[in-house]
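Working notes, beginning with the structure itself.
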Amino acid sequence: PFSPYETMQSVVELLAPQAHQKGLELAWLIDSDVPGALRGDRNRFRQVLTNLLGNAIKYTDRGGVSAALHVRSAQDGNCRLRLTIEDTGVGLENADIARIFGEFERAGESEERFESGTGLGLAIARQIVRAMDGEISVTASPGHGASFVAEFSLPVEDPEPVLHTYQDALDGAKILIASGHLIERRSLSHLLTQLGARVFEANEASREAIEEALADHPSAVDVLLIDADESPDEAGSALAELQKQFLGNNITGVVLTGAIEKVSIQDYRAVGFSEYLIRPVRPLSLYRLLVESRRSQTNTANSPEITCDTRVKRSDTQKLKVLLAEDNDINAMLATKTLDRLDCRVERVLDGVEAVRQVRSSIRDGNEFDVILMDVHMPEMDGLQATKSIRALQRELGSDPTTIVAVTANAFAEDREQCLAAGMDFYLAKPFDPAELAAILAESRSALKNAS
């Protein structure tokens with residue numbers, strides 16, 4: 001069994017730095033009816049996705065690339081899926097389309113696209129897809145990009161979609177996306193529409209662009225999603241104008257920013273933007289943020305659900321010392337940025353062995369960690385065994401138990417129980433919501449203050 005959602009996310013985030021360094025947009029979406037788990041060869045599915053998406057990024061210099069997974073049909077325990085990779089790159093000549101999947105084949109006229117050769121990779125991808133009772137096709141034209149489509153069938157392991165929890169959760173919500181990134185904007189619009197939201201699109205945050213987007217829809221806006229390409233002053237002016245236009249409506253402001261962009265979230269917060277999302281946007285993170293924001297707007301602040309209002313404020317005086325045990329560089333980068341914005345000092349290790357070693361050293365030095373974020377699946381020693389070793393070490397040295405938070409892509413009840421049984425205190429399912437992490441840190445900070 002494997003999760004198509006988690007597999008797509010890992011590939012997209014692995015290749016995102018390459019796309020963003022070229023100044024390209026990169027967007028991905030997975031329809032709300034895609035099953036939570038399929039049965040098949042996850043590595044081969046990942047290989048097909050990596051090959052198609054990697055080629056698209058390689059041969060695109062302007063614009064961007066998008067990846068989408070849709071359900072074509074489902075019956076008798078099987079699901080037929082369509083994976084579509086589209087780019088705005090150099091495209092292909094008609095004569096080349098019929099032969100680009102041949103082993104070691106190189107397109108003749110379109111050498112710009114295939115100067116280093118991609119035939120073997122595409123040939124292998126086609127063999128894999130055919131082994132899944134499918135086929136790969138391509139449509140393209142010179143100078144106008146290409147669209148590769150892989151259709152295949154796999155048995156369904158868990159029919160409940162990953163996004164099931166949020167189905168129709170935004171029904172009736174009105175969301176304005178102000179961004180000049182057309183590919184990303186349309187992907188976000190599609191994702192939000194699936195959950196029942198009404199989406200308006202503006203290519204920038206100017207008054208004229210927003211007025212045009214809302215011209216035929218005078219109803220109040222609930223959320224403004226704005227790209228960090230807009231300065232804090234421009235973003236603040238747009239939000240203030242909407243607040244003025246829809247007097248009495250509490251509009252949530254969300255900033256979209258790239259992981260490598262030098263953006264001060266504090267500057268956006270100062271002008272009313274309470275939330276942010278890292279591009280390429282994770283569908284689950286987007287849904288969680290907006291759903292929790294909507295709950296808080298409808299006076300559910302006393303609900304036991306964690307809301308985005310529980311984040312740690314930078315006005316808190318004490319920085320938390322956090323040990324991040326994570327072997328994946330992309331996941332570590334995103335977690336570190338989140339922890340930095342929550343005013344933490346972060347030290348990273350790559351596996352459980354290093355985590356135990358660092359905890360031992362910190363206890364002996366009298367400079368212990370306040371919180372440990374522990375990835376469950378790591379080389380050398382996994383997070384469960386590392387946690388057991390750390391708990392035994394703390395008992396041996398007479399140290400107070402450190403808050404340990406499990407971070408894992410596995411979200412089943414038995415996984416949570418395993419983590420708690422190993423001695424972990426909290427559980428975050430990837431991709432974790434910054435608000436959930438903030439709530440855990442707030443609790444840890446409060447406990448430290450009470451102890452002192």
Side-chain angles (χ1 to χ4, degrees), residues 5-6 8-30 49 53-54 56-57 60-69 85-88 175-192 199 201-205 223-232 234-235 238 252-269 273-290 293 308 328-341 430-435 437:
Y5 180 95
E6 294 292 346
M8 281 195 71
Q9 176 182 293
S10 66
V11 172
V12 170
E13 293 185 353
L14 176 68
L15 298 177
Q18 179 183 342
H20 290 162
Q21 285 171 3
K22 296 181 67 175
L24 301 177
E25 300 177 52
L26 180 60
W28 69 287
L29 63 89
I30 181 168
L49 179 57
L53 191 58
I57 293 171
T60 301
D61 293 323
R62 295 186 301 275
V65 179
S66 67
L69 189 64
I85 308 294
E86 296 181 303
D87 66 63
T88 58
I175 300 173
L176 172 62
I177 305 175
S179 171
H181 298 290
L182 178 62
I183 293 172
E184 294 179 351
R185 192 176 74 229
R186 288 183 175 172
S187 178
L188 292 174
S189 179
H190 179 93
L191 290 168
L192 293 168
V199 183
E201 298 182 40
N203 59 12
E204 61 181 11
V223 178
L224 171 61
L225 284 168
I226 201 165
D227 197 275
D229 284 351
E230 306 285 349
S231 69
E234 293 167 332
T252 299
V254 183
V255 180
L256 307 176
T257 179
I260 62 174
E261 295 177 23
K262 295 181 179 180
V263 172
S264 172
I265 298 300
Q266 279 299 104
D267 291 342
Y268 286 93
R269 285 180 180 160
F273 284 80
S274 57
E275 309 297 339
Y276 69 94
L277 288 168
I278 302 295
R279 298 164 34 219
V281 173
R282 297 176 174 182
L284 273 178
S285 297
L286 174 67
Y287 293 158
R288 286 171 176 163
L289 185 153
L290 296 181
S293 175
C308 294
N328 183 283
D329 289 340
I330 299 296
N331 291 338
M333 176 182 65
L334 295 173
T336 299
K337 285 183 175 296
T338 300
L339 289 165
D340 178 64
R341 293 183 177 109
K430 294 180 181 179
F432 66 80
D433 188 331
L437 175 59

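Here the structure is a predicted model, which is why all the values come from computation and not from measurement.
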Once you round to the nearest 0.5 Å, how far does CD of Q18 lie from NZ of K22?
-> 7.0 Å
Salt bridge (charged side-chain N to carboxylate O under 4.0 Å, His left out) with E184: which residues, sequence neighbours excluded?
-> R279
Under 4.5 Å between any side-chain heavy atoms of W28 and L69, yes or no?
-> no
State, yes or no, whether a side-chain contact exists between P280 and H20 at a heavy-atom distance under 4.5 Å.
-> yes
Given side-chain contact (heavy atoms from CB on, under 4.5 Å), test V223 with L192 step by step and report yes or no.
-> CA-CA 11 Å; V223 178; L192 293 168; over 6 Å; no
Smallest heavy-atom separation, A56 atom then T60 atom, equals O-OG1, 2.6 Å
Answer yes or no: is there a side-chain heavy-atom contact under 4.5 Å between S274 and T252?
-> yes
Quick one: side chain to side chain contact (heavy atoms under 4.5 Å, CB included) partners of E86, sequence neighbours excluded?
-> S66, T84, S147
To the nearest 0.5 Å, what is the distance between CD (E275) and CG (L286)?
-> 11.5 Å
Got a donor-acceptor contact below 3.5 angstrom from the S187 side chain to the I183 backbone?
-> no
May I ask you to decide if S231's main-chain N or O and E234's side chain share a donor-acceptor pair within less than 3.5 Å?
-> yes
What distance do L277 atom CG and D227 atom CG have between them, rounded to the nearest 0.5 Å?
-> 11.5 Å
Sidechain-backbone polar pair: Y276 side chain, R269 backbone, donor-acceptor under 3.5 Å | no
Can you list the steps and then say if T88 with L24 is a side-chain contact (heavy atoms from CB on, under 4.5 Å)?
-> CA-CA 10 Å; T88 58; L24 301 177; 5.8 Å; no
Please test H190 against R186 for side-chain contact (heavy atoms from CB on, under 4.5 Å), starting from the C-alpha separation and ending with a verdict.
-> CA-CA 6 Å; H190 179 93; R186 288 183 175 172; over 6 Å; no
Hey, does D229 have a side-chain heavy atom less than 4.5 Å from the side chain of H181?
-> yes
Got a sec, which residues hit salt bridge (charged side-chain N to carboxylate O under 4.0 Å, His left out) with E201, two or more places apart in sequence or on another chain?
-> R185
Could you check if a side-chain atom of L284 sits within less than 4.5 angstrom of a side-chain atom of Y5, using non-hydrogen atoms only?
-> yes
Which pair of non-hydrogen atoms, one from D267 and one from P232, has the smallest distance, and what is that distance?
-> CB-CG, 3.7 Å
Gap between atom CG of N328 and atom OG of S10 - 0.5 Å precision | 8.0 Å
Is there side-chain contact between L339 and L437, with at least one heavy-atom pair below 4.5 Å?
-> yes
To the nearest 0.5 Å, what is the distance between CZ (R282) and CE (M8)?
-> 13.5 Å
Distance from L256 atom CG to I226 atom CD1, nearest 0.5 Å?
-> 9.0 Å
Can you check side-chain contact (heavy atoms from CB on, under 4.5 Å) on I85 and L49, steps first, answer last?
-> CA-CA 9 Å; I85 308 294; L49 179 57; 3.9 Å; yes
Are the side chain of Y268 and the backbone N or O of A228 linked by a donor-acceptor pair below 3.5 Å?
-> yes
